[in-house]
Amino acid sequence: MSAPPSGGGAPIENRRQLIEYFVAGNKPRAAWRMGTEHEKFGYHKATLKPLAYEGPDGIRAMLEGMTRFGWEPVVEGNNPIALLRDKASITLEPGGQFELSGAPLETLHETAAENSQHLREVGEVAGEIDAGFIGLGFAPQWKREDVHWMPKGRYKIMREYMPKKGKLGLDMMLRTCTVQTNLDFESEADMVKKFRVSLALQPVATALFANSPFVEGKAVGFKSYRSHIWTDTDPDRCGVLPFVFEDGFGFERYVDYMLDVPMYFVYRDGKYLDASGQSFRDFLKGKLPARPGELPTIADWGDHVTTAFPEVRLKRYLEMRGADSGPWAALNALPALWVGLLYDQGALDAAWDLVKDWTAQDHDFLRAETPKTGLATIFRGRPLNEFAREVVAIAHAGLKARRCLDERGNDEAVHLFPLDRTVDSGLAPADELLAKWQGEWKGAFAPLFREYSY
């Protein structure tokens, strides 16, 4: 869910163009970058209630205040709904979650600096309107009706369509926050191996970063309720994608998958036109009910690709989607984990050796269980934390091999320290929150906001 799509361009004439859209993502190793995205909840410090869009202390005021730092507004109708600066953007999730989509950067040290600068800028503007921001996977107290919808046309269409497909889609839109990282591939074969490794290990990331144990003021028996929500959002566009592990998987097979994902919208003349539930295959034949007689463009295909939400998503890069949002250190540790695993060949090979004999049943089991039991999940006779320790060790080796040093001489593995602590203790952030909530916080949430906000 990023900046507004474009529309326009020449019509698609053949299926090969859909495949070439993904092929265009191939990049030589020297051109590989990392782009990190993170979402956070804004709230009024006085009441701990979510920020509305309008008003002197709302999301619009946040966006307008951020322009002092050189961010340029993106307007839909008369409303600023995003900001652009260089190759980065700030966008809004449906419930006002404030998202930084970072620039493509070469090193994790640059990512950490970018996150720090962003949170400083947000903090300055938020301080002026008595607002705070916090990184959690799910809003711990708010009900659905407490959260304010943002004025984006795309979200209106999704809001009406989601309840037709699952029970929790509106909660996904309004009450979740994630941290993600986007990583490059060199070739189709490289993409396939990275996709398989990262898709298999996404539940391990879910368990390591689990940070959403509360719903509407109660502990609900999940370490990552955010991750659970995706299991009842929309089966047509979410999940594990078993075909990724089948022989012959590649760009063309992903095209087939995307053609089977029902559409949400077509973007024309600055407006989102409702095409929810309609078929891109029909669009290719000029038979889309929303635009009869019209053929799609590559821009339409690019828009459509953003409307699938599997645990790993292919665009012209691979997007890691399994983690809850968290504090500053977690926002750096998530890209550190995946860069360590995927950007060094030795590490990628070692990670593949770890997961290559996992079955479809294994993948399904981990996807279903890790939101509940996290690192304590018993998988193949062992606690998942033992697998997580191996995964983090492989990421360490991969980052050391990259030899990217900061000004103090630290390599990028320094950013894995929150995960080292987690695998040593077997306790994810959610376990820490639950212990404090049940203990020193005595069931109150004000201390959570006070201690864990940015």
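What you see is a predicted model; the values in this text were computed from it and never measured.
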When you check the side-chain N and O atoms of [X] and [Y], is any donor under 3.5 Å from an acceptor?
{"X": "Glu412", "Y": "Tyr343", "value": "no"}
{"X": "Asn410", "Y": "His109", "value": "no"}
{"X": "Glu121", "Y": "Trp71", "value": "yes"}

(request) With sequence neighbours left out, write down each residue that passes side-chain contact (heavy atoms from CB on, under 4.5 Å) with Ile157, or none if nothing qualifies. (result)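 So Ile157 forms a side-chain contact (heavy atoms from CB on, under 4.5 Å) with Phe265, Tyr272, Asp274, Ser276.
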(message) Going by side-chain contact (heavy atoms from CB on, under 4.5 Å), name the residues that satisfy it together with Arg253, two or more places apart in sequence or in a different chain.
(response)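 Expected list: Phe243, Phe249, Asp256, Tyr257.
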(request) May I ask you to decide if Thr91's main-chain N or O and Ser89's side chain share a donor-acceptor pair within less than 3.5 Å? (result)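 Looks like no, no N/O pair under 3.5 Å.
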(message) In this structure, is the centre-to-centre distance between the rings of Trp230 and Phe309 below 6.0 Å?
(response)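 Aromatic pair counts; centres sit under 6.0 Å.
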(message) Tell me if the aromatic rings of Trp142 and Phe41 count as close, with their centers under 6.0 Å from one another.
(response)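 Judged by ring-centre distance (under 6.0 Å), Trp142 and Phe41 do meet the cut-off.
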(message) Under the salt bridge (charged side-chain N to carboxylate O under 4.0 Å, His left out) test against Asp411, which residue among Lys400, Arg403, Arg402 passes?
(response)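 That would be Lys400.
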Test salt bridge (Lys or Arg N to Asp or Glu O under 4.0 Å) applied to [X] - qualifying residues, sequence neighbours left out:
{"X": "Lys356", "result": "Asp353"}
{"X": "Asp86", "result": "none"}
{"X": "Asp364", "result": "none"}

Could you tell me if the side chain of [Y] sits less than 4.5 Å from the side chain of [X], heavy atoms only?
{"X": "Leu136", "Y": "Leu433", "answer": "yes"}
{"X": "Arg60", "Y": "Pro80", "answer": "yes"}
{"X": "Thr36", "Y": "Leu105", "answer": "no"}
{"X": "Tyr264", "Y": "Met162", "answer": "yes"}

(request) Write down the atom of Ile298, the atom of Ile12, and the distance for their closest heavy-atom approach. (result)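 Result for this residue pair: N-CG1, 3.8 Å.
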(message) Quick check: closest heavy atoms across Ala347 and Asp344, and the distance to 0.1 Å?
(response)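 So the two residues come closest at N-OD2, 3.0 Å.
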(message) For Glu37, run the side-chain hydrogen bond (donor to acceptor under 3.5 Å, both in side chains) check against Thr181, Thr178, Asn182 and tell me which one passes.
(response)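 In the set Thr181, Thr178, Asn182, the residue that makes a side-chain hydrogen bond (donor to acceptor under 3.5 Å, both in side chains) with Glu37 is Asn182.
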(message) Which residue is it: Arg367, Glu311, Gln202, Lys372? I am looking for the one with a side-chain hydrogen bond (donor to acceptor under 3.5 Å, both in side chains) to Ser227.
(response)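 Only one option passes, and that is Arg367.
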(request) Determine the interplanar angle of the Trp301 and His304 rings, folded into 0 to 90°, and report it as parallel if under 30°, tilted if 30 to 60°, perpendicular if over 60°. (result)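 Aromatic pair Trp301/His304 classed tilted.
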(request) Classify the angle between the aromatic ring planes of Tyr254 and Phe195 as parallel (below 30°), tilted (30 to 60°) or perpendicular (above 60°). (result)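 Tilted, since the angle between the ring planes falls between 30° and 60°.
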(request) Please determine if Asp184 and Arg316 form a salt bridge, counting it only when a charged side-chain N lies under 4.0 Å from a carboxylate O. (result)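 Between Arg316 and Asp184 there is no salt bridge, as every charged N stays at least 4.0 Å from the carboxylate O atoms.
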(message) Between Asp171 and Arg144, does any NZ, NE, NH1 or NH2 come within less than 4.0 Å of an OD or OE carboxylate oxygen?
(response)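 Salt bridge present between Arg144 and Asp171.
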(message) Under the ring-ring contact (aromatic ring centres under 6.0 Å, His included) definition, can you give me all pairs with a residue in residues 82-104, not counting sequence neighbours?
(response)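 The answer is Phe98-Phe133.
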(request) With side-chain contact (heavy atoms from CB on, under 4.5 Å) as the test, would you mind laying out the steps for Val305 and Phe280 before giving the verdict? (result) CA-CA 11 Å; Val305 164; Phe280 207 94; over 6 Å; no
Should we say atom [atom1] of [X] is surrounded by more than 12 heavy atoms from elsewhere, each under 6.0 Å from it?
{"X": "Arg29", "atom1": "CZ", "value": "yes"}
{"X": "Lys156", "atom1": "NZ", "value": "no"}
{"X": "Arg68", "atom1": "CZ", "value": "yes"}

